[in-house]
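Taking it in order: structure first as structure tokens, then the write-up.
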There are 2 protein chains.
Amino acid sequence: MLEFAILGLLHQSPMHGYELRKQLAQVLGGLRSISYGSLYPALKRMRAAGLITTDEPDPHALLPADAPPLTGRRGKVVYTITAEGKERFHELVSQTGPEAYDDGGFFGVRLAFFRLTAADVRLRILEGRRRTVERQREGLRASLSRTRERLDRYTLELQRHGLESVDREVRWLDELIDSELTGSGHGDAQTPPDQTGPHDQDPPRSEEKESHGVRQGRHRRRR
Amino acid sequence: MLEFAILGLLHQSPMHGYELRKQLAQVLGGLRSISYGSLYPALKRMRAAGLITTDEPDPHALLPADAPPLTGRRGKVVYTITAEGKERFHELVSQTGPEAYDDGGFFGVRLAFFRLTAADVRLRILEGRRRTVERQREGLRASLSRTRERLDRYTLELQRHGLESVDREVRWLDELIDSELTGSGHGDAQTPPDQTGPHDQDPPRSEEKESHGVRQGRHRRRR
DNA sequence: GGCCGATGTATCGAGACGATACATCGACGT
DNA sequence: ACGTCGATGTATCGTCTCGATACATCGGCC
């Protein structure tokens, strides 16, 4: 996930690690940020993988193992995406598998880079997310009506609030899907050129149990 | 956090690890669960610390380092809270520091065990959570109005939805606090006996910037 | 008899986190 | 001129968490 986000940001312009973190927090809606303990190791990994480069020619590349902990002289490092990195990003941005929407955090990142995502991919991700959240909602509903009597007020209240949140997310997704379908003026018609190899696309996941009967209100709300 | 939750559950009755996990998921509102990769190490730690005991007398206690990876014969293990564990739980349940409400997950667990929490502690935690979420809300609001022009529709939509969620949480907390103050029939008047040593209570955290002017609507909504 | 899904215990590697250290810079007061 | 304070900036450490996986037992059900 971090890899995707970093590539997405560097896709637009080179940046320092510090600013990367700020932009990320901004884009993610202010709550959920990312810590340096994740960011720098990720940058290091990606650098090793050739997805990004630094201007500084590798600090502490080879120094005697007994050297002091590298104090003093810590220069600023600008990270730049490579051609390989861009390729990797375009590969990732066309993925629509469960990992794109099952985890809320990852879904948020995907959404934040929707302007760089093809229209059909956008739709598949939104609908995937809808399925996931819908399933959560039904589970929660069942659990709530099952245990309404046996739990104390606080636990019940917690579940009720959780259910409402999930409910609201479903409705929000419906609106996004709606405005995606009525095509409220967004470019990027179909998946552009790309078509890079067989990137394991969305296995239909055994078609789900699409029998819940809770499927009428869709695509008919608002706008 | 896991430690608190486990102690809280075992406080009521002994359990298998498996059931511990299920109950935890139940209590946490169905979403956010806990994985075995967290649960079993936690149980092991707590067992070593003497907070809980098992009926099986320590599997793989001392066996030659070359032994096969302990295949076959894996008995069920019932975990029971010890006197020390109960003591520890009562200590934890009276804490009202930032860790009780800054992290949403931890707060959820605390709330789930409110029936075992003294009334004044409940109130402090709810108000702490309110402060935290309120601060998030203001940050989000500021960020949204600052960047309304510069961001694309999707990022904006993400932030708007996030803001609404936070907004609803604040209102939800207000209701909880309200009904806590009007004392809608809950026992546990004051912090009971306990008073176990100097448990680092809530440092007022330099009183916050309580100047936002956004402080009128409290305690006057609904009911 | 054979298979499946629930129950159940447990480990592994990848990686995320909070805390912390250290460094530079501009602004501000004194 | 001096101090110091907050923002910018790079980086690591130990602790924890996660998802995936392996293995085992049990009750039904065809």
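Naming convention: chains lettered A, B, ... in sequence-line order (proteins, then strands); numbering from 1 in each chain.
Evaluation of the side-chain contact (heavy atoms from CB on, under 4.5 Å) rule for T155(B) yields V27(A), R115(A), L151(B), D152(B), Q159(B) as partners, not counting sequence neighbours. Residues satisfying the side-chain hydrogen bond (donor to acceptor under 3.5 Å, both in side chains) criterion with S38(A), sequence neighbours excluded, are S35(A). For D167(B), the salt bridge (Lys or Arg N to Asp or Glu O under 4.0 Å) criterion is met by R137(B), R171(B), not counting sequence neighbours. With sequence neighbours excluded, no residue satisfies side-chain hydrogen bond (donor to acceptor under 3.5 Å, both in side chains) with T53(B). Residues meeting the side-chain contact (heavy atoms from CB on, under 4.5 Å) test with Q23(B), sequence neighbours left out: L9(B), M15(B), E19(B). Looking at residues two or more places apart in sequence or on another chain, you find a side-chain contact (heavy atoms from CB on, under 4.5 Å) between Y36(B) and Y18(B), R21(B), L39(B), Y40(B). Take E3(A) and apply the side-chain hydrogen bond (donor to acceptor under 3.5 Å, both in side chains) test, not counting sequence neighbours, and it matches R88(A). With sequence neighbours excluded, the residues forming a side-chain contact (heavy atoms from CB on, under 4.5 Å) with H11(B) are I81(B), K86(B), F89(B), H90(B), L116(B), listed by chain and number. When the salt bridge (Lys or Arg N to Asp or Glu O under 4.0 Å) test is applied to R160(B), the partners found at least two apart in sequence or on another chain are E157(B), E164(B).
We find that NZ of K44(A) is positioned 16 Å from P of dA14(C), with the value rounded to whole Å. The distance between atom CG of D55(B) and atom P of dG8(C), rounded to the nearest whole Å, is 13 Å. Taking atom CD1 on I6(B) and atom P on dT9(C), their separation rounds to 12 Å, with Å as the unit. Atom OH in Y40(B) sits about 17 Å away from atom P in dC23(D), given to the nearest Å.
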Would you tabulate the pairs of protein nitrogen or oxygen atoms and nucleotide nitrogen or oxygen atoms of nucleotides 16-18 of chain D closer than 3.5 angstrom?
from, atom 1, to, atom 2, distance (Å)
dC18(D), OP2, S38(B), OG, 2.2
dC18(D), N4, G37(B), O, 3.3

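With the end axes of the helix from dG1(C)-dC30(D) to dT30(C)-dA1(D) each set by five pairs, the angle from one to the other reads 20° at 10° resolution.
In summary, of the residues considered (Q136(A), R129(A), R130(A)), a side-chain hydrogen bond (donor to acceptor under 3.5 Å, both in side chains) with E169(A) occurs for R129(A) alone.
Within a heavy-atom distance below 4.0 Å of DNA chain C, the residues of residues 15-26 of chain B found are H16(B), G17(B), Y18(B), K22(B).
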